Amino acid sequence: MNIVVIGSGAREHAICRLIHRSYLCENLYCFPGNYGISQIATCKDISGVDEIIKECKIINPDLIVIGPENYLSQNLAGKLRELNLNVFGPNKEGANLESSKEFMKEFCLAHEIPTAQSKTFNDYQSAKNYLEINKGPIVVKYDGLAAGKGVFVCQNFDDALSACNKIFIQKIFNKNENKVVIEELLNGQELSYFTITDGDNYVNFGSAQDYKRIGDNNTGPNTGGMGTVSPAPILNQELEDTIQKQIIEKTIIGLKKDNIKFQGVIFFGIMVDDNGSPFLLEYNTRFGDPEIQSISLRIKSDFLSLLHATATNNLKYANIDFIPFKKSICLILATKGYPDDYPKDTTLNNLNDFENSEDFYIFHAATKMNDGKIFSTGGRVLSIVSLDESYSKCREKVYEVADKIDWEFKYFRKDIGSNF
Ligand code: AMP
Ligand code: GLY
């Protein structure tokens, strides 16, 4: 098969690695990709929707896998399907589950999926009036895509009003129309759960726990994710059965009822309260980054045939097998200063000294090669992932490598996986 993967992060590197190792893979392309991905796929520096469509028409691949959410919300998948191409990733309607918080809330209400109670507001004054009565703690969410920065968990009225001010008055996300969803604050433990569906059938793809804050002990600002452990340690069979019944099945049936054909992965962000009851915090309509990096090392079966079966409505014949009893940890190496300002084009000196294997891998997110040297090009730069029989063994390995990487600007959390 010829396959095209769209995206340039460590998530796409992990997807490319799984596809590349499949016996079904003949030619693998990634647009735009990065230096790490270019070791296993043909990368081309194109990233606009029209350019991608043009290139896909020429290659005529057997499968296109779309990594990032912004392409899905621009209906790249729908446009490629109009050309009769097989695509892993939902059309715009399905991507709305992630790209509009209001849509997600209405969907949950219509299909009786447990989630925090909420209200939507179209202007600053009505949001303020509501907050004067419901002072907080409370959560303010920008309605659209915001690269993980659109959710404000507010302890009091002032914080909540300041979040509304940023959205409606300063217009930090959108210069035109804005909307917020204000919802009750839920307490508990979070986990990420993944289900692949072709619209009729589905396969549960695994779980992980994400460390979102920049600092140790979950301090400092939110990031795109500083590390993950997989499977999610809090997930036991009873909880998984409840999630299955109350959230996953209702979502798949709801999508069908609403005539939304969904071919791709649904990423359920779930809060488990102190009674062990799961509530849906959010849907994402793509693989999690860095969740997929850690899940990917645990996968035993052929990933490419699973994705292809999804894109061609054959998921009822597919399955997924994990390597038994193995855990995995992903540690993110970021440029010092991230998530605020950080230098670019810093040199990573000895990256090629580390050998990837079945139970250890360094995925690249923001790297390029110039004059025989590897440079950083962004905030989160590398994902170091290891697979072993316990979280503590995985930790030993990822931290040993993180310490050895010779990069003046490296920053990483010291506590990924230490609480299990
Ligand atoms: P995201 O939408 O991925 O940027 O994630 C937002 C994060 O905000 C979640 O992972 C939670 O940590 C937090 N969050 C979102 N909604 C709520 C809520 N209702 N109660 C408590 N925390 C929340
Ligand atoms: N790790 C969270 C996300 O991919 O949105």
Side-chain angles (χ1 to χ4, degrees), residues 7 9-12 14-15 66-70 72-73 95 97-105 108 113-120 134 136-155 159-160 163 167 173 180-194 205-214 218-230 232 265-274 277-296 330-332 334 339 363 365 379-380 383 413 416:
R11 163 180 51 206
E12 286 74 28
I15 292 170
I66 302 175
E69 60 274 20
N70 60 330
L72 298 169
S73 71
L97 284 179
E98 172 169 3
S99 59
S100 167
K101 303 279 185 208
E102 183 187 32
F103 181 80
M104 174 269 182
K105 285 288 166 185
C108 288
I113 296 164
T115 187
Q117 286 196 16
S118 71
K119 261 187 175 332
T120 303
N134 304 276
I138 207 154
V139 182
V140 176
K141 298 184 169 182
Y142 166 62
D143 180 61
L145 291 179
K149 298 192 180 86
V151 175
F152 300 83
V153 178
C154 306
Q155 292 311 321
D159 291 353
I167 296 165
F173 298 118
V180 298
V181 169
I182 301 185
E183 68 180 40
E184 67 176 312
L185 188 141
L186 301 174
N187 289 305
Q189 292 195 69
E190 279 183 64
L191 71 101
S192 306
Y193 198 92
F194 297 84
F205 183 75
S207 67
Q209 265 173 262
D210 186 8
Y211 293 69
K212 287 183 198 289
R213 302 291 190 98
I214 187 74
N218 301 325
T219 51
N222 260 328
T223 69
M226 295 305 294
T228 44
V229 298
S230 176
V265 59
I266 306 177
F267 161 177
F268 302 88
I270 292 170
M271 181 76 87
V272 182
D273 74 7
D274 295 342
S277 302
F279 291 83
L280 186 68
L281 287 177
E282 56 165 349
Y283 286 114
N284 294 305
T285 58
R286 34 94 197 159
F287 288 112
D289 183 345
E291 284 92 338
I292 182 72
Q293 288 92 303
S294 51
I295 295 174
S296 72
C330 168
L331 174 69
I332 299 292
F363 295 110
R380 292 188 303 158
S383 291
R413 273 181 67 160
I416 304 300

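Just follow the structure's listing: the first ligand is 1, and inside any ligand the first atom is 1. Keep in mind it's a predicted model, so treat the numbers as computed, not measured.
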- Item | ligand 1-proximal atoms of K149, by part, heavy-atom distance under 4.0 Å | neither
- Message: With heavy-atom distances below 4.5 Å as the criterion, would you say the side chains of T120 and D143 are in contact?
- Response: no
- Side chain to side chain, L280 and I270, heavy atoms closer than 4.5 Å: yes
- Taking the non-hydrogen atoms of K101, is any one of them nearer than 4.0 angstrom to ligand 1? yes
- Query: Looking at atom 3 (C) of ligand 2, what's its closest protein heavy atom, distance included?
  - Reply: R286 NH1, 3.4 Å
- Task: For ligand 1, note which part of L186 has a heavy atom under 4.0 Å away: side chain, backbone, both or neither.
- Result: both
- Quick one: nearest non-hydrogen protein atom to atom 12 (O) of ligand 1, plus distance? E190 OE2, 2.4 Å
- Shortest protein contact, atom 3 (O) of ligand 1 (heavy atom only): E282 OE2, 2.8 Å
- Task: Classify the ring geometry between F194 and F267 as parallel (under 30°), tilted (30 to 60°) or perpendicular (over 60°).
- Result: tilted
- Item | E183: numbered ligand 1 atoms lying under 4.0 Å from its heavy atoms | 16 (N), 17 (C), 18 (C), 19 (N)
- Query: Just distances here: any N/O of K212 and N/O of ligand 2 closer than 3.5 Å?
  - Reply: no
- Donor-acceptor pair between R413 and N218 side chains, under 3.5 angstrom: yes
- Message: In the structure I gave you, are the side-chain heavy atoms of N222 and K149 within less than 4.5 Å of one another anywhere?
- Response: no
- Salt bridge or not for E183 and K105, using N-O below 4.0 Å? yes
- Message: Testing the basics here: between I138 and A160, what is the closest heavy-atom pair and its distance to 0.1 Å?
- Response: CG2-CB, 3.8 Å
- Item | Distance filter under 4.0 Å to K141 heavy atoms, resulting ligand 1 atoms | 15 (C), 16 (N)
- Item | pair V151-E282: side-chain heavy atoms closer than 4.5 Å | no
- Query: Measuring from the heavy atoms of G288, does anything fall under 4.0 Å of ligand 2?
  - Reply: yes
- Query: For atom 17 (C) of ligand 1, which candidate among L281, V140, T115, V151 holds the nearest heavy atom?
  - Reply: L281
- Message: With heavy-atom distances below 4.5 Å as the criterion, would you say the side chains of I113 and F268 are in contact?
- Response: no
- Item | E291-ligand 2 polar pair, N/O distance under 3.5 Å | yes
- What residue and atom, counting heavy atoms only, is the protein's closest point to atom 2 (C) of ligand 2, and at what distance? D210 OD2, 3.5 Å
- F287 near ligand 2, heavy-atom distance under 4.0 Å? no
- Task: Provide the closest heavy-atom pair for A163 versus C154 in the form atom of the first, atom of the second, distance.
- Result: CB-SG, 4.4 Å
- Closest protein heavy atom (residue, atom, distance) for atom 13 (C) of ligand 1: V153 CG2, 4.0 Å
